[in-house]
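Everything below concerns the one structure shown next.
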Amino acid sequence: MAQVQVPFQPPLSGPNGAANAGGNQFVTTSLYVGDLEWNVSDSQLYDLFSQLGQVVSVRVCRDLSSRRSLGYAYVNYSNTQEAARALDVLNFTPLNGKAIRIMYSHRDPSIRKSGTANIFIKNLDKAIDNKALQETFSAFGNILSCKIATDPSGQSKGYGFVQFDSEDAAQNAIDKLNGMLLNDKQVFVGPFLRKQERETAMNKTKFNNVFVKNLSELTTEEDLKKIFGEYGTITSVVVMRDGDGKSKCFGFVNFENADDAAQSVDALNGAKFDEKEWYVGKAQKKYEREIELKGRFEQNMKEAVDKFQGVNLYVKNLDDSISDDKLRELFSEFGTISSCKVMRDPNGISRGSGFVAFSTPEEASRALSEMNGKMIVSKPLYVALAQRKEDRKARLQAQFSQMRPVAIAPSVAPRMPMYPPGGPGLGQQIFYGQGPPAIIPPQVLPIFLA
DNA sequence: GCTGAGCGA
């Protein structure tokens with residue numbers, strides 16, 4: 001008889017199973033562990049999770065070819081109670097300086113993708129950590145995932161996310177906590193909205209002034225008056241022109257009535273006149289436009305930085321005689337170089353360091369291993385993956401925390417309740433408990449950071 | 001001021 005390979009399937013009664021969609025009376029033994037720092041290893045996870053029960057298997061998922069960590073792992077226990085306790089106790093434990101985030105394994109991505117029952121919280125006191133957030137919101141229902149946004153050093157950015165397993169729980173949390181005081185700060189709690197959704201929500205605000213661009217050079221105020229006049233009474237119309245009276249191909253139409261303005265936008269945005277497709281929208285105030293442009297600029301910068309992740313090499317100990325071209329020549333055998341630069345001081349003297357970006361991470365990692373330590377002119381070259389500036393600090397701290405002994409408290413005393421039974425009253429302060437942390441803080445203080 | 005990302009041997 002032919003051998004049939006049976007793929008691993010978690011029990012159907014658990015959160016993985018269709019039989020238990022949304023229910024929480026069953027739990028499984030399979031945990032998804034996400035938000036891992038790049039260097040977190042199987043054995044590190046094994047050591048940590050073994051302290052709460054019998055671990056059957058641990059695996060950090062890795063890219064098949066590069067073996068790079070994908071930033072998540074699976075930990076399987078032999079029984080459900082141990083898994084449940086591990087999730088409870090170990091969730092948000094820092095590993096290599098970064099808090100891990102544990103969920104029950106749920107391979108069907110439909111819930112994750114739907115983004116339902118997902119809420120956003122802002123104006124959070126910086127002292128409120130993942131655990132405090134979890135405890136505060138768990139009063140309203142079962143939490144699938146929850147997290148405080150942090151900068152690379154782990155400092156709270158003052159906002160966070162909670163995803164529940166039901167819309168009711170999410171709505172209830174919003175109703176009860178929005179506008180409440182948490183640690184003396186009034187928090188905003190609302191449904192999570194993607195950027196796009198938020199913008200369209202914002203644009204529902206009333207306006208009278210309409211912006212129109214991509215006009216033909218021949219389009220006049222009279223033309224606009226006639227076309228927009230179909231939708232209501234116009235109080236002013238202008239086509240912007242340069243000093244010579246030449247059209248800048250954009251203008252403004254102000255309506256007496258905001259509903260008419262909105263109607264004209266709906267009807268005319270994207271319409272074609274004289275071969276030109278018009279953009280028609282709410283006219284932005286100068287400051288609104290500045291905010292949008294600034295946001296877009298920062299977004300572009302971020303994307304540019306992301307694009308270089310894993311493909312950009314930092315080189316140092318370069319001989320002063322090495323130029324951009326020479327540097328490119330040295331690395332060109334490993335692949336396609338998308339950019340290459342020797343850093344120089346204001347007098348044009350080489351700083352002895354530079355960057356070489358390849359088109360793929362594979363090329364970059366081969367160049368790294370082949371070129372690091374190679375004698376160039378008179379000195380051995382140092383080659384490493386270039387890091388983002390903000391990530392450097394985090395990386396140093398990760399190394400630092402790796403030296404700390406980590407131990408699990410034998411049992412965890414309950415934290416103080418967040419607020420009296422029945423939930424907080426309007427305007428009532430919510431207090432955070434001072435229960436002991438799940439992880440005993442380091443007993444040995446390592447040497448200070450450079 | 002600040003609106004993620006995420007599932008295998």
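Sequence lines set the chain letters: A, B, ... in the order given, protein chains first and strands last, and positions in each chain run from 1. Just so it is clear, the structure is predicted and the values come from calculations on it, not from any experiment.
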Considering only [options], which nucleotide approaches the side chain of [X] most closely?
X	options	answer
Ser105(A)	dG6(B), dT3(B), dC7(B)	dC7(B)
Tyr72(A)	dA5(B), dC7(B), dT3(B)	dC7(B)
Arg101(A)	dA5(B), dG8(B), dC7(B)	dA5(B)
Met103(A)	dG1(B), dG8(B), dG6(B)	dG6(B)
Ser57(A)	dG8(B), dG6(B), dG4(B)	dG8(B)

Is there aromatic stacking of [X] against [N], centre distance under 5.5 Å, plane angle under 30°?
X	N	answer
Tyr74(A)	dG8(B)	yes
Tyr159(A)	dC2(B)	no
Phe161(A)	dG4(B)	yes

* **ring-ring contact (aromatic ring centres under 6.0 Å, His included) partners for Phe355(A), two or more places apart** =>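 Tyr314(A).
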* Which residues share a ring-ring contact (aromatic ring centres under 6.0 Å, His included) with Phe211(A), sequence neighbours left out -> Phe250(A), Phe252(A)
Between [atom2] of [N] and [atom1] of [X], the distance in whole Å:
X	N	atom1	atom2	result
Phe92(A)	dG4(B)	CZ	C1'	13 Å
Tyr104(A)	dG8(B)	OH	P	19 Å
Leu144(A)	dG6(B)	CG	C1'	11 Å
Ile121(A)	dG1(B)	CD1	C1'	16 Å
Ile100(A)	dC7(B)	CD1	C1'	15 Å
Asn178(A)	dT3(B)	CG	C1'	14 Å
Gln196(A)	dT3(B)	CD	P	15 Å
Leu36(A)	dG4(B)	CG	P	21 Å

* So what does Asn118(A) touch, heavy atoms closer than 4.0 Å: a base, only the sugar-phosphate, or nothing? ->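 Counting heavy atoms under 4.0 Å across all strands, the contact made by Asn118(A) includes a base.
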* Asked: Gln163(A) near the nucleic acid: base, sugar-phosphate alone, or nothing, with a heavy-atom cut-off under 4.0 Å?
  -> base
* Phe192(A) vs Phe161(A) aromatic rings, parallel, tilted or perpendicular, using cut-offs 30° and 60°? -> perpendicular
* Could you tell me how the ring of Tyr77(A) sits relative to the ring of Phe49(A): parallel (under 30°), tilted (30 to 60°) or perpendicular (over 60°)? => tilted
* **Glu370(A), CD: over 12 other non-hydrogen atoms inside 6.0 angstrom** => yes
* Counting only side-chain N and O atoms of Arg107(A), is one of them less than 4.0 Å from OP1 or OP2 of dG8(B)? ->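 Checking dG8(B) against Arg107(A), a side-chain N or O does come within under 4.0 Å of OP1 or OP2.
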